[in-house]
Enquirer: 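Could you have a look at this structure, given as structure tokens, before my questions?
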Amino acid sequence: MWYRTELPCLAALALSVIAIPTPSSSNGPHVLDNVTIFIPPASWTDHSTSYARVLLLDKHCETNNALLTTWTQGAPGEPYFPIYQSIDDGRSWGEWSRVYFNETANGGILLQPFLYELPIQIGQFPAGTILATGNAIPGDFSSTNIDIYASTDVGKTWNYVSNVARGAGPNTTNGAHPIWEPFINTYNGQVVVYYSDQRDPLHGQKLAHQTSTDLVNWGPVVNDVALENYTLRPGMTTVAEMGNGKWILTHELGLAPNPTAPYAVHYRIADNPLEFQSAPEYLLRATDGTISSAGPYVVWTPAGGPNGTIVVSDSTYSELFLNTAYGDPNEWVFTPTGKGISYTRALQVLPNESQVMIVDGGLYGGTNTSVTLGNFLVPGPVSSEDTVSACNN
Ligand SMILES: *[C@@H]1O[C@H](CO)[C@@H](O)[C@H](O)[C@H]1NC(C)=O
Ligand SMILES: *[C@@H]1O[C@H](CO)[C@@H](O)[C@H](O)[C@H]1NC(C)=O
Ligand SMILES: *[C@@H]1O[C@H](CO)[C@@H](O)[C@H](O)[C@H]1NC(C)=O
Ligand SMILES: *[C@@H]1O[C@H](CO)[C@@H](O)[C@H](O)[C@H]1NC(C)=O
Ligand SMILES: *[C@@H]1O[C@H](CO)[C@@H](O)[C@H](O)[C@H]1NC(C)=O
Ligand SMILES: *[C@@H]1O[C@H](CO)[C@@H](O)[C@H](O)[C@H]1NC(C)=O
Ligand SMILES: *[C@@H]1O[C@H](CO)[C@@H](O)[C@H](O)[C@H]1NC(C)=O
């Protein structure tokens, strides 16, 4: 895993390091559950939250495993993504900062946030820089924009970096040309931004990515999942690297003719996260016949067996789909969690790799929702290298 082996702990960083106390106990036997991160204040007219994202900060041991979360909400006034921080492994949370996008300075909406920590220096941005992205829609609804903001002080202050891609105004009908749902990763010295793209006349919607070596200049649009059937709408990319060096991309498939799973989750496995388009596509169906549906989120953890465990959440089930055979299509196990169902429920593997944090931002279209978390204990043996944190020593 990147936070143990990829880079040494650096005493001096090219970052303004914020002093954060070491948590007293990182992971006891008690598994955290039912923690409230945020409830919209009674004074707001809009009490909805959704689409939560969570980020464990520790690539340079600068924050003792602080966590950041964000989500969509309907705060009064100019839109922003709230950034909440926990310095006690998720037990308690406070507002840490707000990310405003100048695209929405005169109203509009911010959708589909994502947070990412650079594991390596990219252009002028040192390793440990936090990136925030999302879909910024101006007040006149004339465009959809995937913009990047960066923080070099652990998420406290934010600056505009670049526009990765711009589409037409928001409209989920095939034939319209917006873009949606960014997800960020790093590969081979490049930052990769994956997103859903309705701009290609050959595909109602496809999944694509663009790469950059400086976060400012972005390469061409490269297809990840572009299907022959124009009507089908692959959406909501998430990507994870597995212990065998291969990469998994999960996505929903809108308008697939499947009565039990109208947004049936599919996945691809590739040797290289820039070449998913040539990889085979699998339906994500569990051994009990359950087909995952809508807004998937994938992570891989070394815990749970010799092959580790792929963990997939979706927007339909309380359960998770687990796979301990590197994505073998016959090996998905539908597994209870006891947690709530929410739209594109987010996952984060914790420093104790037997635990995966599930962050619930609320149901799609819910009018009175909140942001909560609970940790999931991955069944099976702990990873042979399981370690609470490489930084707490
Ligand atoms: C990781 O968490 C599990 C579940 O709470 C616990 O059994 C295990 O001891 C923890 N591992 C470490 C190294 O603390
Ligand atoms: C969390 O809440 C659920 C639903 O109310 C409840 O069943 C469960 O026992 C709670 N878990 C803990 C650890 O309190
Ligand atoms: C946002 O700010 C940046 C930096 O000042 C500028 O380059 C960009 O054009 C602005 N975008 C909008 C939509 O105002
Ligand atoms: C959405 O796009 C479709 C297809 O181009 C178009 O027919 C429809 O008028 C658009 N809806 C709005 C509200 O613009
Ligand atoms: C394309 O997908 C649509 C929607 O699921 C389906 O109705 C149609 O039959 C498919 N077309 C072909 C040629 O498979
Ligand atoms: C590990 O994955 C391989 C396929 O990559 C599979 O053949 C093997 O059975 C898996 N091991 C376990 C214990 O699931
Ligand atoms: C919204 O949900 C909260 C619990 O999270 C509840 O206390 C409150 O009464 C609800 N408000 C409305 C208007 O339903």
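One-based numbering, in listed order, for ligands and for the atoms of each. Start at 1 with the first residue, then count along the sequence. For clarity, every value in this text was computed on a predicted model and none was experimentally measured.
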Enquirer: Kindly indicate, with the supporting measurements, whether the criterion side-chain contact (heavy atoms from CB on, under 4.5 Å) is fulfilled by T172 and R233.
Expert: CA-CA 10 Å; T172 54; R233 292 174 56 83; 3.8 Å; yes
Enquirer: Going by side chain to side chain donor-acceptor pair (under 3.5 Å), name the pairs with one or both residues in residues 245-256, residues two or more places apart or in two chains.
Expert: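 Applying side chain to side chain donor-acceptor pair (under 3.5 Å) to every pair that reaches into residues 245-256, excluding sequence neighbours, yields T238-T250, K246-D271, H251-E281.
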Enquirer: Hey, are D200 and K206 close enough for a salt bridge, meaning a charged N less than 4.0 Å from a carboxylate O?
Expert: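 Yes.
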Enquirer: When the aromatic ring centroids of F38 and W44 are compared, is their separation below 6.0 Å?
Expert: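 Yes, the ring centres sit under 6.0 Å apart.
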Enquirer: What residues form a ring-ring contact (aromatic ring centres under 6.0 Å, His included) with Y194, not counting sequence neighbours?
Expert: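 Listed in chain order: H209.
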Enquirer: Between Q355 and ligand 1, does any nitrogen or oxygen pair lie at a separation below 3.5 Å?
Expert: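 N/O-N/O distance below 3.5 Å exists for this pair.
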Enquirer: Name the residues with a heavy atom less than 4.0 Å from ligand 2?
Expert: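 Ligand 2 pocket, heavy atoms under 4.0 Å: D33, N34.
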Enquirer: Taking the six-membered ring for Trp, is the centroid-to-centroid distance between F81 and F101 below 6.0 Å?
Expert: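 Between F81 and F101, the centre distance is under 6.0 Å.
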Enquirer: Counting only nitrogen or oxygen atoms and a 3.5 angstrom limit, does N368 reach ligand 7?
Expert: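 N/O-N/O distance below 3.5 Å exists for this pair.
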Enquirer: For residues 48-57, run the donor-acceptor check on the side chains, cut-off 3.5 Å, and write out each pair with its distance to 0.1 Å, sequence neighbours left out.
Expert:
from : atom 1 : to   : atom 2 : distance (Å)
S48  : OG     : D46  : OD1    : 2.6
T49  : OG1    : G361 : O      : 2.7
T49  : OG1    : T369 : OG1    : 2.8
T49  : OG1    : S370 : N      : 3.4
R53  : NH1    : T344 : O      : 2.9
R53  : NH1    : T344 : OG1    : 3.4
R53  : NH2    : T344 : OG1    : 2.9

Enquirer: Can you list the atoms of ligand 1 that are under 4.0 Å from a heavy atom of N352?
Expert: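 Once the distances to N352 are compared, the set is 1 (C), 2 (O), 3 (C), 8 (C), 10 (C), 11 (N), 12 (C), 14 (O).
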